[in-house]
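Structure first, then comments.
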Number of protein chains: 2
Amino acid sequence: MGVKYNTDHFLQSVESYFNFALSVDCVVFGFDNKSLKVLLIKSKMEPYIGQWSLIGDMLQTDEELDAAANRILEYRTGLKNVFLKQAKTFGRVDRHPLGRVVTIAYVALVRIKDYEISTENMQNEAHWHHINQIPELAFDHNNILEYCLETLRKKVREEPVGFALLPDKFTIFELQSLYESILNEKIDKRNFRKKILSMQILEPCNETQKGVPHRPAKLYHFNRDKYKKLKQNGWVFTLKFPSGSKPSENGV
Amino acid sequence: MGVKYNTDHFLQSVESYFNFALSVDCVVFGFDNKSLKVLLIKSKMEPYIGQWSLIGDMLQTDEELDAAANRILEYRTGLKNVFLKQAKTFGRVDRHPLGRVVTIAYVALVRIKDYEISTENMQNEAHWHHINQIPELAFDHNNILEYCLETLRKKVREEPVGFALLPDKFTIFELQSLYESILNEKIDKRNFRKKILSMQILEPCNETQKGVPHRPAKLYHFNRDKYKKLKQNGWVFTLKFPSGSKPSENGV
DNA sequence: TCAAAAGTGTTACATATACACCCATGT
DNA sequence: ACATGGGTGTATATGTAACACTTTTGA
C-alpha cells in the first residue's frame with residue numbers, strides 16, 4: 001500500500017479505490033416499419049443463464065466509454081457509425097452477481113435492414129423484441145430498458161433522431177408510423193404532414209415507392225445540414241401531439 | 001486467479017476487471033437573486049493543487065451512487081434533501097492522474113440562503129462562482145460543468161426545477177430573474193407573468209415583501225402537488241421565449 | 001422627488017386542432 | 001372490385017409576441 005489519497009474525511013490507500021468493475025450496456029432500438037423493437041441476447045451468466053439481456057460487455061481498462069459502446073455494438077450487429085449516446089449509469093450495489101459492477105447504459109438507434117445485411121454471415125444470437133413484449137431480463141436490465149425508452153420518447157420530440165431508425169429514403173407515412181410506435185399514440189395524418197414538411201428538414205428524392213399495393217408514395221430524405229443550420233439560428237425541432245391538455249381553472 | 005468470465009471474445013480472470021476507481025462529482029448550482037452560481041473548492045491533488053474544482057469524492061465500494069452524491073453534498077454544504085440528479089458519466093482514459101478514475105456527475109440545485117445558514121459553523125472552503133466567470137478547473141471539470149449547465153438550461157424549460165433554487169416564498173419577478181440568469185436572455189415581464197400564472201402551479205401566500213425600496217410584491221410558492229396532478233393528466237410544463245425563429249422558405 | 005420594481009391589456013400574428021374525401025396502385 | 005395507403009384544405013381555437021403606462025414604496 002503506497003500513496004495515500006486524502007478524501008478529506010478518510011485516508012485510504014489509493015489502491016483500495018481501484019476495485020470497481022465497469023461495464024457498458026447498449027439498448028439497441030430498431031424499427032421494422034410496424035413497431036419499435038429492442039435487440040436482446042441470451043445471458044450466459046449465472047444466475048441468469050438463458051434469460052434475455054441487453055447487449056453489453058466489460059469496459060477495458062484503457063478503453064474510452066464511447067469506444068466500448070461502439071465495440072459492443074459492432075460486435076453484436078456488425079454496424080459502425082451508428083447513433084449511439086450515453087444514457088445513464090446504473091450502479092446499484094447488488095445489481096451484479098460478480099461484485100460491484102457499475103454499468104454505463106447507452107442508447108443505440110439502428111436501421112433493422114442494415115442490421116440484417118451486416119449479420120447475414122454472423123452467428124447471430126441476438127433477437128429483436130417488440131417493445132411492448134419484453135420478458136423479464138437479466139440483471140437490472142428491465143430498469144435500464146425502461147429508462148432508455150423514456151429517454152427515447154423524450155428525445156424524439158425534441159430532436160430529429162428518429163431518422164436514425166429509418167432507411168435513408170422514406171415516406172412521410174413511415175416517419176409518422178415511427179412516431180406512433182415510439183410514442184404509442186395515433187397522430188393525425190394531415191397535421192403531421194403539414195408540420196413535418198413546414199420544418200424544411202425533409203427533401204424529396206424525386207422518387208416513389210415501387211411495387212406497393214397502393215398508390216406509391218414520394219420518398220424523402222432527412223437533410224441534416226439544413227437542420228444544423230436552422231438549429232444554429234435558434235430554431236428548435238419540436239413535435240408534440242394532442243395528448244396533453246392545458247390546466248383548467250378548476251384544478252384537475 | 002479463480003473464476004473466469006466469458007465476455008465472448010476474450011477470457012479474462014474476473015478479478016482483473018475490478019480495477020477501476022469511481023468518483024462522484026456534484027455540480028452545485030445556486031442563485032443569489034442576481035445571477036446563477038456554482039459552488040467550487042480548491043483542489044488538493046497533484047497536479048491541480050490550488051486550482052478550483054467541483055465538489056466530489058471517491059465512491060465507496062458498498063455505497064449507492066445517489067447516496068454518495070448526497071454524502072458529498074452534505075459534507076460540503078451541510079444540506080440534505082436537496083434537488084440532486086445524475087447527469088452524465090465522464091471517463092476519459094487520461095482524465096485523472098491516479099489512474100482510471102471514472103466519474104459520475106450529478107447536478108444539485110440549492111438555495112444559497114440555506115447553504116449560508118447550514119455552513120455558518122463549518123470550516124468553509126467552498127466558494128460560489130458566477131457562472132460567466134469560471135476559471136480553469138482541475139481535471140476535466142470544465143467539461144463537466146459545461147455539460148451540466150447545458151443540461152440545466154434544457155431542463156429548466158421543460159420541468160419546474162427552478163423552484164429548487166429559490167426560497168420557499170418568492171416573487172414572480174425573482175422567478176423571472178432566475179430564468180433570465182439561467183438562460184442568459186431577457187424575458188418580457190407581462191408575457192412571463194401571464195404564462196407562469198396561467199399554469200396554475202403557483203399559489204399566492206397572501207403576503208408581500210417587507211422593507212423593499214419599492215412597491216412590495218406579492219409572494220407566491222410553488223404548488224408541487226398541483227403540478228404533479230397536472231402532469232399526470234398529460235399536461236407538460238414548457239417555458240420557451242422568443243429566441244428561436246421558424247424556418248423560412250428560402251433556407252437560412 | 002426620485003429610483004426601482006409592481007402591476008396591468010390589447011392587438012396582430014402564428015400555430016394547433018379537428019375533420020372527410022378522392023386517387024393511384026397491386027392483387 | 002377491392003383493399004391499402006397517398007395525398008389534399010379549411011375553419012376555428014389557442015397561443016405567442018410586441019408593446020407603455022400608472023402605482024406603490026423607501027430613501
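All heavy atoms count here, side chains included; hydrogens, waters and symmetry mates do not.
Sorted by first and then second residue, the ring-ring contact (aromatic ring centres under 6.0 Å, His included) pairs with a member in residues 195-232 of chain A read A:Phe163-A:Phe222; sequence neighbours excluded.
Taken residue by residue, residues 208-215 of chain A places heavy atoms nearer than 4.0 Å to DNA chain D at A:Pro213, A:His214, A:Arg215. Within residues 163-175 of chain B, no residue has a heavy atom under 4.0 Å from DNA chain D.
With hydrogens and angles ignored, no donor-acceptor pair under 3.5 angstrom links the side chain of A:Lys194 to the base of D:dT8.
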Candidate pair A:Tyr106 and A:Val28, rule side chain to side chain contact (heavy atoms under 4.5 Å, CB included), full reasoning: CA-CA 8 Å; A:Tyr106 277 74; A:Val28 185; over 6 Å; no
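Between A:Met199 atom CE and C:dT15 atom P the separation is 11 Å, expressed in whole Å. At whole-Å resolution of the value, CG in B:Asp188 and C1' in C:dA6 are 14 Å apart. The CD1 atom of A:Ile187 sits 14 Å away from the C1' atom of C:dA16 (whole-angstrom rounding). Look at NZ on B:Lys195: it is 20 Å from P on C:dG7, rounded to the nearest Å. Following rounding to the nearest Å, B:Phe192 (CZ) and C:dA6 (P) show an atom-to-atom distance of 12 Å. Between the CD atom of B:Gln176 and the P atom of C:dG7 there is a distance of 12 Å, given to the nearest Å. Summarising the geometry, the separation between CG on B:Asn33 and P on C:dA4 is reported as 17 Å, rounded to the nearest angstrom. Rounded to an integer number of Å, the gap from A:Leu197 CG to D:dG9 P is 12 Å.
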Considering only distance and modelled atom types, tabulate donor-acceptor pairs under 3.5 Å from the side chains of residues 142-152 of chain A, sequence neighbours left out.
from     : atom 1 : to       : atom 2 : distance (Å)
A:Asn142 : OD1    : A:Leu137 : N      : 2.7
A:Asn142 : ND2    : A:Pro135 : O      : 3.2
A:Thr151 : OG1    : A:Tyr147 : O      : 2.9

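The minimum heavy-atom distance linking A:Phe192 with A:Ile172 is given by the pair CE2-O, 3.8 Å. Nearest heavy-atom pair across A:Asp188 and A:Gln176 is C-NE2, 4.2 Å. Closest non-hydrogen pair, B:Asp25 versus B:Leu54, comes out as CB-CD1, 4.4 Å.
Under the rule for a ring pair (Phe, Tyr, Trp, His ring centres under 6.0 Å), the partners of B:His127 that lie at least two apart in sequence or sit in another chain are B:Trp52. The side chain to side chain contact (heavy atoms under 4.5 Å, CB included) search around A:Ser181 returns A:Phe31, A:Leu36, not counting sequence neighbours.
Across all strands shown, B:Lys189 has heavy atoms under 4.0 Å from base atoms, whether or not it also approaches the sugar-phosphate.
Set against C:dG7, C:dA18, C:dT25, the side chain of B:Ala217 has C:dG7 as its closest nucleotide.
Contact check, A:Arg193 against D:dG7: a side-chain N or O comes under 4.0 Å of OP1 or OP2.
Atom CG of B:Asn132 is surrounded by more than 12 heavy atoms from other residues, nucleotides or ligands within 6.0 Å.
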